[in-house]
Amino acid sequence: MLSTIALDTQVIQKDLCTGCGACQGMCPYWGSVEGRTICYFDCDRTEGRCQSFCPKMPTDLEALRAKFFEGSEIIPEIGPFRALYLTQAADPEIRKNSQHGGTITALTEFALKEGFIDSCVMTKSEGGLNARGELATTAEEIRACSGSSFQIPPTLAVLNKTLKENKYKKVGVVTTPCKGLAVYKMKNKPLPEKDNNADNIGIVFGVFCGWGLDWNGLEDICGKYSDVTKLSHMDIPPSKYHRMDLVADGQEIHVDLDEVEAQVRPACHYCTDMTCEFADISVGGARSADGWDVDKSWNQLIVRSAKGEELVKLAIEKGVLNVKEVPETALEKLKKAAAGKRSKAVAKAAEDK
Amino acid sequence: MKWYLTADDPGKVCLLQGNEAIVRGAVEAGINFAASYPGSPSSQVLGMLGEIAEERGFYAEWSANEICAIQACFGASLANARSICVVKQNGLFLMADALHCGAQHGVKGGLVIVTSDDPDAHSSTNEFDSRHTAKTANIPMLEPTTIQEAKDMVPYAFELSEKLRQVVIIRLTTRVCHGRSNVALGELPKEIRKISNVGEWDRLTCVNFMHKPMLDKLDKAEEIFETCEYNRIEGPDFSENLVICGGTGRLYAKEAIKRLGAEEKVTLMSLATIWPIPRKYVLDRMKAAKRVLVVEEVDPVIEDAIAALAGREGINIKIMGRGTGDMVRIGELNQDKAEDGIRKLLDMGPRTPDKPVADLPAREMNFCAGCPHRATFYVLKRVLRMEKVYGCSIGDIGCYFMQGQNGGFYSNQMDNCMGSGINVAEGLGQLTKYGLDQKVITVCGDSTFFHSIIPGLISAKFNMSNVILMILDNSATAMTGFQPHPGCDVTAMGKPTQPISIEAIVRAIGIEPVVADPFDIDDAVAKLRGLTKKDGTQVIIMRQPCATLMSKRVKVKKRVYVDQSVCFGDDCGCNRFCSRVWGCPGNSWDFKAGKAVIDTVSCVGCGVCAKLCPSGAIKVEGGEE
């Protein structure tokens, strides 16, 4: 089957596309508009990288884990595992503009400085809207990408373009779970002759994810409750609060989660991965007995690979990351939450069947 | 300037193209007035008339559309002027109302319509047969079989028109318009007709009490046609096997009869008087024959007429033709097809078909190298696919009709006739309030805008339809050969005139038009996409002159080339995007190097492909803007 048709019929029309951008940036055929993946013109290739990299096309997950996570424990709920930390950026300036503890910003900046990576593909947004992929090559550019978005931009299109240019040889990348899987599919070189310089992929920084939102749906919600030009931040506190928080002009606005969940991207309902199992390290919001007011300036961090371990240990040693003691129950709680997302997705898939 | 069009040299034999023969015929007829809207295959006629109009003391114009043209001719006729109106089949159908009314009120000065049909649709969307119009409008119609006759029939038609005080139509087909043959020139009139003022009691009005006089004129025409010198018999005067031909059918049949050595067995009747049929003339031969084959271009018009005649007269004769399926029902005739029919007539068994010289690949039509329409449709296709629900795209008639093929990225979902796009889209746009969840985008060219889009745009705006009109302004009626239209600054006679502003018209309708350059792809995409976010009737003008026009104007074209050290060839994810998808004839594939290459002969240097190459391998250098 032609690759463009395969992706269109098996992924896009089936509402499985997350808009990650893995199919984009290598050719003039694929693009993205407001989070929607668009095939502009039909291509007559059957062995396209577009379909080989797509995280929603068939994948041998076992083989990927075996190949890239040698020596790591595989925990069924959360994937490859070496250690769990509670961390935050030591630099309060980073924490001020970041999601939660600013661990990703601090760690990517540190990795760049220490030469673990020579550039980093990240997601940039304006307070969570107009999200887009960016190639950051300096600490300033990395800091400009602080903060989360619930729109899902085709960030991997930027990774593909960067790899194609072949200028940077250790390209870090910050990914949601769908994107993380795509990046490991790229690293696996399904089309060895046309690998798009996959060896230049550096450290993969995973981000926990519950779901992403419809591009225009999120814009509408933000527009309804805030002045979007003054939007600076958005977050989802623990589930007991049942709300989304928007910060505009310094004011925190609460939006009922029911209204937000109505805008969840259809593809996300089928996602079984909460913790970004395919990454060197994965980072998410902290959940502890200290409560949300404390937790919101901390992160949970899963170390998954040897390279991730080396980076995190050095960052802690050099005082770039603050750490605090991980409660005994933390891992179990995390596993339970991840299993919860997975079982919902499986139920959704079974329902469709 | 073609000297033979106006040479006063009776009897001189010149090699004339059919369209030139019509011009020469009009000059010999001493016309005072000519009006036309371009349409292949007779587009060139008015262009040539415009060039010689001043010298010969008549007036010639490109009208905004065919209705304007014929009605202007009726006006001229009221002042006793001889006027000629040149159209193609679609133009004749467009003016149907004017023509039927005109036939009822008749003419004062002679009025001849030259209509050119396009069997096989070489340069049309259809092969409609004009001859039906003669019948429905009760207008006499002639059809020449040769280029000499095409010329000679023009003065003849004017004489007839004035004798009958009725419009006369001359029907041509592509082969007559575009063919060339020796033509003996006729005499030029010493002076052309004086224009008369319209008298207080002169009348040309379409009222129903003129119905009977109109039919009387037709009867009179038939009487004249009974002895018309252009109807002729070749071969035995009477025989069992009768072949009746209309127009070019005569030459095809003649050649086929010769091939079959059947000259003595077949009576070949050629009818130049298509409507009304000279019944007595035809009946005499039919009564002597057992079988008759009708060889005519496109529809069974003569065939049906003689079948009705045979039925009425109770003649027992077998009638064969395109209507009975004894000859191929569609497409243009040729000698082989005529031979197939004559073999059936003579019970000779089927012809052995010739082997094709080579198996040529089927090819789609395409826009010229550097054509701005390609860029426009590239932009359109992107925007259509950007929509949450793929947008609906409605075409119109012009070069951009090729929107439906590779050159237009298969972006056309409906095409009706000239001026239809905005109306079709208006209807669809209304349905967006009743459940149609799509953007509706339609296109038209600049010439088509003036021809028949304006009322549709007014209707859409007044009725608040959700529709986007893209006006493809390439400053030319490009498809038919760069005839000036009301947006241009020169008339058919070469006089400078004030061009009519498309923007001003659109603004007057109450729409603020957006103007984009299709060659600035990203900007044009952003502008068109901006309009898709708006409700109501929107207009975007895609402005970039026709590449063919520009390549004539620009002295030094830009040099566009592929830096093959940068092009990845088949290793690139683009999958030969430049030559395969963009598809400009200037973008080619170097099979030896396995890389893209520019065909420097075709390339006009627009440089758009350089903006599309994902590797930046296509370079642009120098040249004039």
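In the text below, chain A, chain B and the rest are named by the order of the sequence lines, each starting its count at 1.
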Flag the pair E387(B) and R36(A) as a salt bridge only when some basic side-chain nitrogen lies within less than 4.0 angstrom of an acidic carboxylate oxygen.
no
Cut-off 4.5 Å, heavy atoms of chain B, and the answer for E165(A) is neither
Is it the case that more than 12 heavy atoms not belonging to K161(A) sit under 6.0 Å from its NZ atom?
no
Could you check whether atom NZ of K169(A) has more than 12 heavy atoms from other residues, nucleotides or ligands sitting under 6.0 Å from it?
yes
Got more than 12 heavy atoms from elsewhere within 6.0 Å of CD, E47(A)?
no
Neighbours of chain A found in residues 567-578 of chain B - heavy atoms under 4.5 Å:
F568(B), D570(B), D571(B), C572(B), G573(B), C574(B), N575(B), F577(B)
Evaluate the side-chain proximity of R529(B) to V33(A): yes if any heavy-atom separation is below 4.5 Å, no if none is.
yes
Please check if atom NZ in K67(A) has more than 12 non-hydrogen atoms from other residues, nucleotides or ligands closer than 6.0 Å.
yes
Under 6.0 Å from the CD atom of E621(B), do we count more than 12 heavy atoms belonging to anything else shown?
yes
Any side-chain heavy atom of M26(A) within less than 4.5 Å of one from P614(B)?
no
Contacting moiety of D42(A), where chain B heavy atoms sit under 4.5 Å:
both
Would one find more than 12 heavy atoms of other residues, nucleotides or ligands at under 6.0 Å from atom CG of D437(B)?
no
Just verifying a value: how many Å separate F41(A) CZ and R580(B) CZ, rounded to the nearest 0.5 Å?
11.0 Å
Return yes when atom NZ of K14(A) has more than 12 non-hydrogen atoms of other residues, nucleotides or ligands closer than 6.0 Å, and no otherwise.
no
Enter the distance from R382(B):CZ to I38(A):CD1 here, rounded to the nearest 0.5 Å.
10.0 Å
Look at the side chain of R385(B) and the backbone N and O of C39(A), then say whether any donor-acceptor pair between them is shorter than 3.5 Å.
yes
